[in-house]
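To start, the structure itself, in structure tokens.
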Amino acid sequence: MSLPDDYLTYPLRAYGMDQDRYPWRPVTARPPISWPGGQPLAVMIVVPIEHHTLEPSGKPFKPPGAMQTPYPDLRHYTTRDYGNRVGVFRILKALTAAGLRATFPVNADQLDRLRPLIDAILADGHEIAAYGLAADKIHWSGLEPGVEATWIAEVRRRFDAVGLTPRAWLSPARQQSFATLDLIAQQGFDICLDWEIDEVPIALRTDHGPLTALPLSNELDDRSLLIDRRQTEDEWADQILAAARYLSTGADRFGGRMLGFTLTPYVAGQPFRIAALRRMLAGLGALDVWTATAGQIAEAS
Amino acid sequence: MVADPNLYDYWPYRDRPKIVWPGGKTLAFWVAPNIEYYEFDPPKNPSRSGWPKPAPDVVGYSQRDWGNRVGHWRLMELMDKYGVRGSISLSIGLIDHHPEIIEACVARNWEFFSHGIYNTRFSYGMSEAQERAVLEDCIATVQRATGQRIRGYLAPALTHTERTLDLIAEYDFWYSCDLFQDDQPQPVKTRTGKLMSMPYSLEVNDVITYGALSMTPQRYADVLKRHFDQLLEEGAESGTVMCIPLHAYLVSQPHRIAAFEEALAYITGHSEVWVTTAAEIAGYYRDHCWETTVTDVGRRGLATGGTGFAP
């Protein structure tokens with residue numbers, strides 16, 4: 001018993017990346033960028049608006065936040081729904097109090113159901129992004145041919161139908177197929193929040209023109225730190241502030257950089273976490289940083 | 001099977017009509033001691049076994065018995081000290097096993113609501129007739145033992161069928177603790193009756209904080225105080241509800257009870273708090289807030305019609 005001979009052949013073993021979406025470039029070769037106001041750091045706050053169906057397909061896996069107990073799992077359905085009804089309004093209030101603008105990716109299938117929330121997000125001056133068709137519609141390479149293109153076209157159609165033209169795209173569960181970038185670019189999205197390649201925006205090649213990847217921190221993901229790793233809200237807030245302070249120094253060597261992090265409504269919007277959230281947002285406001293939306297940052301880079 | 005249970009309409013937290021609790025209070029506070037009985041050797045439910053480990057789960061079973069023999073009594077005295085009447089999430093079977101506990105709660109004028117017969121008998125797979133038999137048993141057994149007509153329901157081990165909420169509404173229950181979508185009550189869309197969702201909590205429930213999240217006692221007290229502070233602040237805009245669901249086998253442990261007392265003293269030390277029971281909140285809400293909520297949801301164009309699991 002052995003593996004086939006070609007298992008030990010390495011056709012892409014060469015300088016640079018093993019894919020052609022973007023070239024290899026170490027931080028030492030990065031040309032410095034400048035943000036419009038001259039701040040050393042751009043901060044992108046991302047508030048994902050997701051709806052977790054009572055009957056997840058589980059294909060190819062259940063997205064974070066999906067139902068866990070046998071049907072009907074009203075426990076997890078309603079605890080997630082709490083975020084879109086209550087928690088997100090606490091986050092909106094805290095953002096306004098701190099004078100900060102954020103980016104809100106929305107599952108396209110929630111645009112009608114959550115219309116009052118969409119209106120509130122827009123009225124408060126934030127940016128809407130696309131977050132796939134539904135939390136449970138995960139993009140991956142095992143989809144039947146044509147399915148993914150249909151989903152993404154449907155996302156664009158649904159946003160069009162409510163008069164919204166988002167530029168930025170976040171994939172459900174941040175999962176992609178090999179074709180996702182081409183398909184979202186084809187539908188007019190020119191910003192993607194799935195890739196976290198660098199600490200600056202990075203241009204990605206697609207079959208339908210270039211697209212900007214804005215790094216969103218996986219290691220600072222609130223659901224991951226507060227739920228999965230059971231850290232306290234103060235520990236979470238302190239890590240975001242530590243990252244922002246660290247990246248605010250060294251602009252003379254590295255140029256302007258960016259930091260993206262998530263505020264998940266059913267997680268960060270819990271009553272007992274709001275004091276820490278406010279403290280963190282106020283701390284960001286006290287630093288010399290430019291807090292901006294995905295569109296603003298992409299425009300400036 | 002449905003993707004959205006349609007049990008309530010979407011209702012954004014911003015700009016809601018103002019709720020003022022009795023006496024001008026801004027936060028309605030209730031404590032829900034879960035007084036449960038877990039069977040030593042429960043029958044199998046095809047969807048879930050009674051215990052995570054093979055029965056008998058000696059450690060799990062005996063810790064819960066410690067809660068009934070020792071923990072509840074400790075918690076009752078602590079709640080007496082701060083003038084808090086409990087709203088008991090009761091495994092109805094416990095009335096037969098441990099009547100002394102029931103008598104002690106009745107003597108304190110505490111409220112009882114149903115948490116099923118045993119916390120090791122799940123709703124999954126029940127026929128309508130079986131669910132009705134359970135509900136009728138719960139109502140009659142508590143009535144006989146205490147004279148109280150139960151008005152609230154928390155499904156045993158949080159297990160449901162699609163018809164559970166319609167059935168409890170039909171049996172004239174006033175509130176369900178199984179819906180966690182809000183910090184204010186809201187009408188539930190049932191075929192008949194007048195049922196509301198009562199804010200209970202998983203976030204500050206000791207099973208989650210001590211069990212699932214492994215918090216230290218001091219951390220739990222801190223979470224309770226922070227949770228309270230935020231809901232009290234928002235209650236000035238429109239009255240909020242804070243519930244602390246408890247399990248004596250966890251919270252009354254000798255290394256934890258002092259931390260809980262610290263939080264309870266803090267909360268009850270605020271004059272804006274209505275220290276009450278779930279049935280009293282539900283009664284007030286039915287009479288003073290129900291119609292206002294329905295009107296507001298309608299005015300905003302958010303009433304989608306239909307009833308739970310029947311869009």
Side-chain angles (χ1 to χ4, degrees), chain A residues 51-57 67 69-94 109-110 112-120 123-124 134 136 226-227 229-234 265-267 269-278, chain B residues 1-5 7-15 45-48 122 124-125 155 157-162 164-165 176 178-184 186 197 201-204 212-215 219 222-234 240 242 300-302 304 308-309:
Chain A
H51 173 258
H52 292 284
T53 169
L54 203 51
E55 43 170 6
S57 71
M67 303 302 100
T69 71
Y71 179 90
D73 184 355
L74 295 179
R75 166 181 173 174
H76 290 95
Y77 183 88
T78 57
T79 49
R80 281 28 171 178
D81 208 25
Y82 176 94
N84 294 335
R85 295 166 52 96
V86 180
V88 69
F89 289 96
R90 292 197 181 106
I91 292 171
L92 282 166
K93 199 171 180 177
D109 75 343
Q110 294 302 300
D112 291 329
R113 179 170 179 268
L114 302 180
R115 187 68 217 191
L117 171 59
I118 307 301
D119 292 341
D124 286 5
D136 190 48
L226 294 166
I227 305 292
R229 304 187 199 183
R230 300 168 192 181
Q231 297 179 7
T232 69
E233 58 278 358
D234 279 328
Y266 77 86
V267 179
Q270 285 295 333
F272 66 93
R273 296 193 174 114
I274 297 302
L277 172 67
R278 286 177 183 157
Chain B
M1 304 236 292
V2 301
D4 175 344
L7 286 164
Y8 49 80
D9 290 322
Y10 179 72
W11 191 36
Y13 199 48
R14 184 182 284 188
D15 298 329
N45 181 299
S47 293
R48 177 171 162 180
F122 310 128
Y124 303 132
L158 277 56
T159 65
H160 318 92
T161 72
E162 288 191 347
T164 303
L165 292 163
S176 162
D178 282 305
L179 305 174
F180 300 93
Q181 83 283 6
D182 219 288
D183 290 313
Q184 292 183 321
Q186 185 181 3
S197 55
S201 181
L202 292 174
E203 299 291 333
V204 298
L213 300 179
S214 312
M215 286 184 190
R219 168 67 180 151
D222 187 40
V223 166
L224 289 172
K225 288 194 275 187
R226 288 173 183 243
H227 202 80
F228 169 78
D229 285 342
Q230 182 66 27
L231 291 174
L232 184 68
E233 178 184 314
E234 292 169 7
T240 47
M242 176 171 173
R300 298 191 195 208
L302 298 173
T304 58
F309 297 94

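As a basis for the values below, the full set of heavy atoms in this structure was taken, side chains included, without hydrogen atoms, waters or symmetry mates. Computed from a predicted model, the values in this text were never measured in an experiment. In the text below, chain A, chain B and the rest are named by the order of the sequence lines, each starting its count at 1.
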Problem - A:Arg85 vs B:Gln184 side-chain heavy atoms within contact, under 4.5 Å - result: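 A side-chain contact is absent here, since even the closest heavy-atom pair is not under 4.5 Å.
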Handout entry: B:Tyr124 side chain reached by A:Thr69 side chain, heavy atoms, under 4.5 Å
Key = yes
Counting only non-hydrogen atoms closer than 4.5 Å, does [X] touch chain A with its backbone (N, CA, C, O), its side chain (CB onward), both, or neither?
X        : value
B:Leu224 : neither
B:Tyr8   : side chain
B:Arg219 : side chain
B:Phe122 : neither
B:Leu202 : side chain
B:Leu165 : side chain
B:Ala155 : neither
B:Tyr10  : both

Practice task
Decide whether A:Tyr71 and B:Glu162 meet the rule of one side-chain donor and one side-chain acceptor closer than 3.5 Å.
Solution key: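 Judged by distance alone, the side chains do pair up.
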Problem - Winner by heavy-atom pair count (cut-off under 4.5 Å) against chain B, out of A:Asp124, A:Asp136, A:Leu92, A:Val88 - result: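 Heavy-atom pairs under 4.5 Å are most numerous for A:Asp124.
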Completion exercise
Ranking A:Met67, A:Arg90, A:His52, A:Arg115 by heavy-atom pairs under 4.5 Å to chain B gives rank one to A:Arg90
Handout entry: Check ion pair B:Glu233-A:Arg278 (N to O, under 4.0 angstrom)
Key =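 A:Arg278 and B:Glu233: salt-bridged.
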Exercise for the section: Under 4.5 Å heavy-atom distance to chain B, tell me which part of A:Asp119 shows up: side chain, backbone, both or neither. Expected result: neither
